[in-house]
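Throughout, a chain's letter reflects where its sequence line sits, starting with A, and its residues are numbered from 1.
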Amino acid sequence: MKIYNTLTRKKEEFVPLEDGKVKIYVCGPTVYNYIHIGNARPLCVFDVLRRYLEYRGFDVTFVQNFTDIDDKIIIKANEEGVTSKEIAEKYIKEYKIDVEGLFVKEATIHPKATENIGEIIKFIKTLVDKGCAYESGGDVYFSTKSFDEYGKLSRQPLDDLELGARIDIDERKREPMDFALWKKAKEGEPFWNSPWSEGRPGWHIECSAMSRRYLGDTFDIHAGGQDLIFPHHENEIAQSECANGAPFARYWMHNGYINVDNIKMSKSAGNFFTVRDVAKTYGYEPIRYLMVTTHYRMPINYSIEVIEQCKASLQRIYTCRENLDFLLTNAKSKDEKQEQELKTKMAAHKDAFIKAMDDDLNTADGITAVFELVSDINRLINTDSSKELITFCADLLDELCAVFGLLQNRKKETVSDEVMALVEKRTKARQEKDWALADKIRDELYSMGVTLEDTPQGIKINQK
RNA sequence: GGCGACAUAGCCAAGCGGUAAGGCAAGGGUCUGCAAAACCCUUAUUCCCCAGUUCAAAUCUGGGUGUCGCCUCCA
């Protein structure tokens with residue numbers, strides 16, 4: 001498999017540190033609000049990465065943190081007159097609802113910053129001892145000048161950064177580009193004891209400390225949004241490589257943004273759609289589909305039209321899958337010889353799928369393979385097919401869709417007696433060629449959310 | 001000022017030197033009592049523009065144009 005590595009700006013063959021095992025760290029949310037669909041992109045994309053690696057037989061350890069102490073959380077807590085902890089807990093809960101709706105697998109480990117304060121302090125101590133960080137008025141700052149390779153991920157030369165910097169001149173810092181590892185608490189802010197002051201950790205240090213704790217000094221993949229490249233990921237590299245004296249993440253993957261009217265979606269710009277709201281109208285799955293339909297490094301321009309298209313596209317896959325189930329109930333049980341040929345044809349789509357996904361997770365081509373499989377199924381499968389062939393197709397479709405986390409919402413509802421009675425009444429009317437009555441019953445069922453299809457194999461009942 | 005991304009049909013979107021995938025939408029047809037679903041056919045002589053390299057360019061090179069992003073919290 002090839003992965004585009006932001007560190008080298010090239011597609012590289014992915015070789016894990018330890019054979020058959022992959023260690024991944026993805027920056028998680030700061031929990032002070034509902035997530036928007038821009039936040040959902042890395043969640044979905046790197047969940048697909050994880051599922052694909054697992055599909056290819058890797059044992060994946062997936063760590064994603066919660067930033068549950070931060071200026072924004074404190075501000076929100078003050079606004080609402082509750083504690084930071086209450087805000088964090090509330091939005092972790094809401095986050096989990098959305099993530100579950102999106103069928104994102106739960107992380108192997110989901111550490112919280114506030115549960116790793118000791119680890120973080122230990123980490124900062126090491127940096128201070130090594131001369132990479134300094135205390136100043138109760139705060140602790142990382143000295144960017146102490147790390148020669150600072151800027152290697154974002155390819156930003158330090159001097160040029162300072163030239164155009166819009167950062168505040170802070171007298172507590174030696175250099176403008178230095179960043180806080182530990183912040184002394186102001187009046188009324190939550191704090192933990194440390195050798196420097198009563199305070200709280202800075203944002204960047206959390207990820208360095210937690211990734212080391214759960215994945216070690218060096219691990220395979222570190223992922224997140226492109227906006228984290230600088231300064232967040234750059235700072236993580238500086239902290240971790242200074243403290244550990246070992247390379248940090250080996251592959252860096254960054255997803256593109258989701259835009260609205262071509263402008264980046266963000267909470268500060270106010271042009272965002274929450275996952276919750278979009279899901280309310282369209283369901284969660286079209287959001288997930290949207291992420292998969294475009295290559296993860298490309299920008300996506302979100303609009304109502306686009307999400308509606310996603311929903312319609314998804315329906316094609318669902319219909320195919322439901323038709324397979326329906327056909328199964330009418331299938332012949334014997335296997336035809338020519339079916340082996342069909343199976344080979346179907347399986348070729350799996351090869352195309354793997355080829356696409358191996359190429360830096362080309363999900364757009366991957367989903368094309370799924371659609372081509374759907375087309376072949378629609379064309380070749382009918383009531384003369386054997387149970388075995390139909391099952392083979394259904395399993396293959398399920399298998400590929402599962403990597404995307406799609407086709408996970410298939411309902412197995414039973415048809416109510418009321419509906420059944422109406423269907424039977426309509427069948428009788430049709431036998432008597434009383435089309436007016438038959439259509440009236442069909443309309444009635446439609447208003448109940450039930451659509452009927454008269455197929456050569458019998459009546460297919462679809463319930464909404 | 002520094003660094004970077006993107007531009008392909010009505011919409012979305014692949015393509016990475018060999019003559020434009022796939023999905024949505026639209027139109028026509030087959031099937032159907034009518035539908036639905038499905039299938040078949042149609043919809044970019046051309047990939048922002050201009051040069052260049054090549055037998056061959058959407059793809060490579062150079063130069064433009066437009067849009068966006070990072071350098072401040074941000075996925």
*Beyond-backbone contact of H295(A) with D360(A), side-chain heavy atoms, under 4.5 angstrom*: yes
*Given the C1' atoms of rG17(B) and rG22(B), what is the spacing between them in whole Å?*
23 Å
_Check: I205(A) main-chain N/O paired with S208(A) side-chain donor or acceptor under 3.5 Å_ = no
*asked:* Can you tell me if N255(A) touches the phosphate of rA75(B), counting only side-chain N or O atoms and a distance under 4.0 Å to OP1 or OP2?
replied: no
*Backbone N/O of Q309(A) and side chain of S313(A): donor-acceptor pair under 3.5 Å*: yes
*Answer yes or no: side-chain N or O of R430(A) and base N or O of rG33(B) forming a donor-acceptor pair under 3.5 Å.*
yes
_Is there a salt bridge (Lys or Arg N to Asp or Glu O under 4.0 Å) between R321(A) and D398(A)? Walk through the geometry before answering._
CA-CA 8 Å; R321(A) 186 61 184 81; D398(A) 287 346; 2.7 Å; yes
*Do K72(A) and rC73(B) share a donor-acceptor pair, side chain to base, under 3.5 Å?*
yes
*Just wondering, more than 12 heavy atoms not from D261(A) lying within 6.0 Å of its CG?*
no
*Interface with RNA chain B, restricted to residues 433-447 of chain A and to heavy atoms under 4.0 Å*: W435(A), D439(A), R442(A)
_Please list, in numerical order, the residues of residues 90-114 of chain A that have a heavy atom closer than 4.0 Å to any atom of RNA chain B._
none
*Classify the ring geometry between F230(A) and Y150(A) as parallel (under 30°), tilted (30 to 60°) or perpendicular (over 60°).*
perpendicular
*Let me know the distance between CG of D227(A) and P of rG4(B), rounded to the nearest Å.*
18 Å
*Considering only heavy atoms, which members of residues 347-358 of chain A lie under 4.0 Å from some atom of RNA chain B?*
none
_Residue pair E175(A) / T144(A), side-chain donor-acceptor N/O under 3.5 Å_ = no
*Without swapping roles, check the side chain of D178(A) against the backbone of K173(A) for a donor-acceptor pair under 3.5 Å.*
no
*Using the C1' atom on both, measure rC48(B) against rC6(B) and round to a whole Å.*
12 Å
_Closest listed nucleotide, where the reference is the side chain of A364(A) and the choices are rC73(B), rA75(B), rA14(B)_ = rA14(B)
*T368(A) versus E372(A), side-chain donor and acceptor atoms under 3.5 Å*: no
*Gap in Å between the two P atoms, one belonging to rC71(B) and one to rU54(B), rounded*: 44 Å
*Tell me whether the guanidinium CZ or amine NZ of K11(A) lies under 6.0 angstrom from the six-membered ring centre of Y4(A) and within 45° of its axis.*
no
_Using side-chain hydrogen bond (donor to acceptor under 3.5 Å, both in side chains), reason through N39(A) and Y95(A) one step at a time and then give a plain yes or no._
CA-CA 11 Å; N39(A) 302 121; Y95(A) 172 88; over 6 Å; no
_Please pick, from rA14(B), rA37(B), rG23(B), the nucleotide with the shortest atom-to-atom distance to any side-chain atom of Y289(A)._
rG23(B)
Show which side-chain atoms of residues 282-292 of chain A pair as donor or acceptor with protein atoms under 3.5 Å away, not counting sequence neighbours.
unit_1, atom_1, unit_2, atom_2, d
Y282(A), OH, E308(A), OE2, 3.4
Y284(A), OH, D98(A), OD1, 2.7
E285(A), OE1, Y318(A), OH, 2.6
E285(A), OE1, N409(A), ND2, 3.1
E285(A), OE2, Y318(A), OH, 3.0
E285(A), OE2, L407(A), N, 2.7
R288(A), NE, F404(A), O, 2.7
R288(A), NH1, D47(A), OD2, 3.0
R288(A), NH1, L102(A), O, 2.9
R288(A), NH1, F103(A), O, 3.1
R288(A), NH2, D47(A), OD2, 2.7
R288(A), NH2, F404(A), O, 3.0

*Kindly determine whether F219(A) and F248(A) satisfy ring pair (Phe, Tyr, Trp, His ring centres under 6.0 Å), including the steps that lead there.*
CA-CA 7 Å; F219(A) 56 93; F248(A) 190 45; 5.2 Å; yes
*So which one's nearest nucleotide on RNA chain B is more toward 5', P157(A) or D70(A)?*
P157(A)
*Among residues 310-317 of chain A, which residues get a heavy atom nearer than 4.0 Å to RNA chain B?*
A312(A), S313(A), R316(A)
*Any N or O donor-acceptor pair linking the side chain of T455(A) to the base of rA37(B) at under 3.5 Å?*
no
*asked:* Using only modelled atom types and a 3.5 angstrom limit, is any donor from either the side chain of Q226(A) or the base of rC70(B) paired with an acceptor on the other?
replied: no
*Taking N and O atoms by type only, does the side chain of Q309(A) place a donor or acceptor under 3.5 Å from a partner on the base of rG23(B)?*
yes
*Each stem that RNA chain B is part of, given as range with range (3 or more consecutive Watson-Crick or G-U pairs, under 3.5 Å)*: B:1-7 with B:65-71, B:10-12 with B:22-24, B:26-30 with B:38-42, B:48-52 with B:60-64
*On a whole-Å scale, what distance lies between the C1' atoms belonging to rA56(B) and rA20(B)?*
15 Å
_K96(A): which residues meet the side-chain contact (heavy atoms from CB on, under 4.5 Å) condition with it, sequence neighbours left out?_
F66(A), I92(A), E106(A)
*Positions of residues 31-39 of chain A (non-hydrogen atom under 4.0 Å from RNA chain B), listed by number*: H36(A), G38(A), N39(A)
*Closest to the D454(A) side chain, choosing from rG2(B), rG4(B), rA35(B)*: rA35(B)
*Name all residues meeting the side-chain hydrogen bond (donor to acceptor under 3.5 Å, both in side chains) criterion together with T114(A); count only those two or more places apart in sequence or in a different chain, and write none if there are none.*
D68(A)
Could you list all N or O pairs between the protein and nucleotides 15-20 of chain B that sit under 3.5 Å apart?
unit_1, atom_1, unit_2, atom_2, d
rG15(B), OP1, N362(A), ND2, 2.5

*Validation row: V48(A), M357(A) side chains within 4.5 angstrom (heavy atoms)*: yes
*For residues 27-51 of chain A, pull every pair meeting ring pair (Phe, Tyr, Trp, His ring centres under 6.0 Å), keeping only residues two or more places apart or in separate chains.*
Y34(A)-Y91(A), H36(A)-F272(A)
*Minimal non-hydrogen separation, V45(A) against L361(A), with atom names*: O-CD2, 4.0 Å
_N-O pairing of K152(A) and E234(A) below 4.0 Å_ = no
*asked:* Please compare R155(A) and S303(A) by the position of their nearest nucleotide in RNA chain B and report the one closer to 5'.
replied: R155(A)
*asked:* So F371(A), base contact, sugar-phosphate only, or nothing? Heavy-atom distance under 4.0 Å.
replied: sugar-phosphate
*Only pairs at least two apart or in different chains count here, so list each salt bridge (charged side-chain N to carboxylate O under 4.0 Å, His left out) that has a residue in residues 69-78 of chain A.*
D71(A)-K183(A), D71(A)-R200(A), K76(A)-E80(A)
_I'd like to know if D71(A) reaches the base of rC73(B) with its side chain, counting only an N/O donor and acceptor under 3.5 Å._
no
_Steps toward salt bridge (Lys or Arg N to Asp or Glu O under 4.0 Å) verdict (D139(A), K184(A))_ = CA-CA 5 Å; D139(A) 291 350; K184(A) 185 179 171 180; over 6 Å; no
*asked:* Classify the ring geometry of F179(A) against H204(A): parallel below 30°, tilted from 30° to 60°, perpendicular beyond 60°.
replied: perpendicular
_Options rG23(B), rG2(B), rC12(B), nucleotide nearest the side-chain atoms of V306(A)_ = rC12(B)
